[in-house]
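Written below as structure tokens is the structure these notes are about.
Just so you know, ligand 1 is whichever comes first in the structure, and atom 1 is the first atom listed for that ligand. Note that the numbering runs from 1 along the sequence shown for the chain.
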Amino acid sequence: MQSISTTAKKIRTMEIRGAGAIARAAASALKEHALSLKTNSLSDFNREMEKAAQILLKTRPTAVSLPNAVRFVMRCHGDTVEEVRASIVSSADEFVKRSEKAVEQIGKIGAKRVRDGDIIMTHCNSTAAISIMATAFKQGKNIRVIATESRPMMQGHITIQQLNDAGIPTTLIVDSAMRYHMQDVDLAIVGADAIGVNGCLVNKIGTSQLALAAHEARVNLLVAAETFKFSPRTIFGELIEIEERSPDEVLDTKTRKSLKNVVVRNPAFDVTPPEYIDLICTEVGAIPPEMAYTIIRDYLGWELEELGV
Ligand code: RI2
């Protein structure tokens, strides 16, 4: 269980974060776990693997990439422990490879929507969104980026580091300055933790505010999302759970305890309705949010079968 509990802890504490990275880490941990199990009994093996999968699934509730990755790896076949183990190992490797390739492909597809001279606003830290900006910049497009801090966890600091390292001129702003700066912006690009069947986007808290400000200023909003960020369960009317994290991330315990009449809330994500999204850039193409159902059916169809459709 070593690889599972270590990875689960890292995901929970956000040492490993970002919807894609969480998914890849979970797939790799399942592979390590499968390789470490000593039993010859298939039912014991399956039980242990299922226990491990459940531990990983409970770490963070919102990013659908996590359950999608876990189910992809656990969809193993075989009549013996060795066959099932080999199946898990190859599925995990395939997931990681596909997911890395997807980020690269999204960069290429999304970069076509970036024009020379564009000022781009982004929020939080998304590998897929940065892939678009970095690809456009590498193509010689003279872009500038405005990045938000993304309180309370300040993932914006990771973003400015990555953009800086890529040589992209970047401005850091506080989250509440989004609307103020939107007047200078040509394009907004964000990542995704989940996309519902109606094309709604679940992403870092504050994304819906960015979308509103972009809409008001007639700035296009581009979402960078691998196909495994789409949520098959939303087809059955399930809502995507919004993770509420510890208030300690917002205000220290001592101060909070001294403020008897104050409650601190810390939702980590919000929902942006499809009307505010111009394009979702996936590895299989740039689609309008209305096409979310097609992505789920064509690329996550195996999950629908398992869910009994
Ligand atoms: P990539 C992050 O969540 C952000 O909300 C980001 O937009 C999203 O995951 C997707 O990131 P968190 O883990 O997969 O920081 O594109 O809460 O890297």
- Message: Looking at every non-hydrogen atom in both residues, tell me the closest pair between R151 and D175 and how far apart they are.
- Response: N-OD2, 2.8 Å
Please set out all donor-acceptor pairs under 3.5 angstrom arising from side-chain atoms of residues 64-74, sequence neighbours excluded.
residue: S65; atom: OG; partner: A19; partner atom: O; Å: 2.8
residue: N68; atom: ND2; partner: F228; partner atom: O; Å: 2.8
residue: N68; atom: ND2; partner: F230; partner atom: O; Å: 3.0
residue: R71; atom: NH1; partner: E303; partner atom: OE1; Å: 3.0

- Applying salt bridge (charged side-chain N to carboxylate O under 4.0 Å, His left out) to R12 and not counting sequence neighbours gives none
- Query: Applying side chain to side chain donor-acceptor pair (under 3.5 Å), which residue pairs with at least one partner in residues 214-237 are found, sequence neighbours left out?
  - Reply: R179-E216, E226-K229, T227-E283
- Note on the structure: Expected contact list for ligand 1 at under 4.0 angstrom, heavy-atom basis, is M14, R17, G18, A19, G20, R60, C124, N125, S126, T127, A128, Q155, G191, A192, D193, N203, K204, K229, F269
- Query: Per the side-chain hydrogen bond (donor to acceptor under 3.5 Å, both in side chains) rule, which among Q162, K204, H157 passes with N125?
  - Reply: Q162
- Task: In plain terms, say whether E50 and R47 are close enough for a salt bridge, that is, a side-chain N and a carboxylate O under 4.0 Å apart.
- Result: no
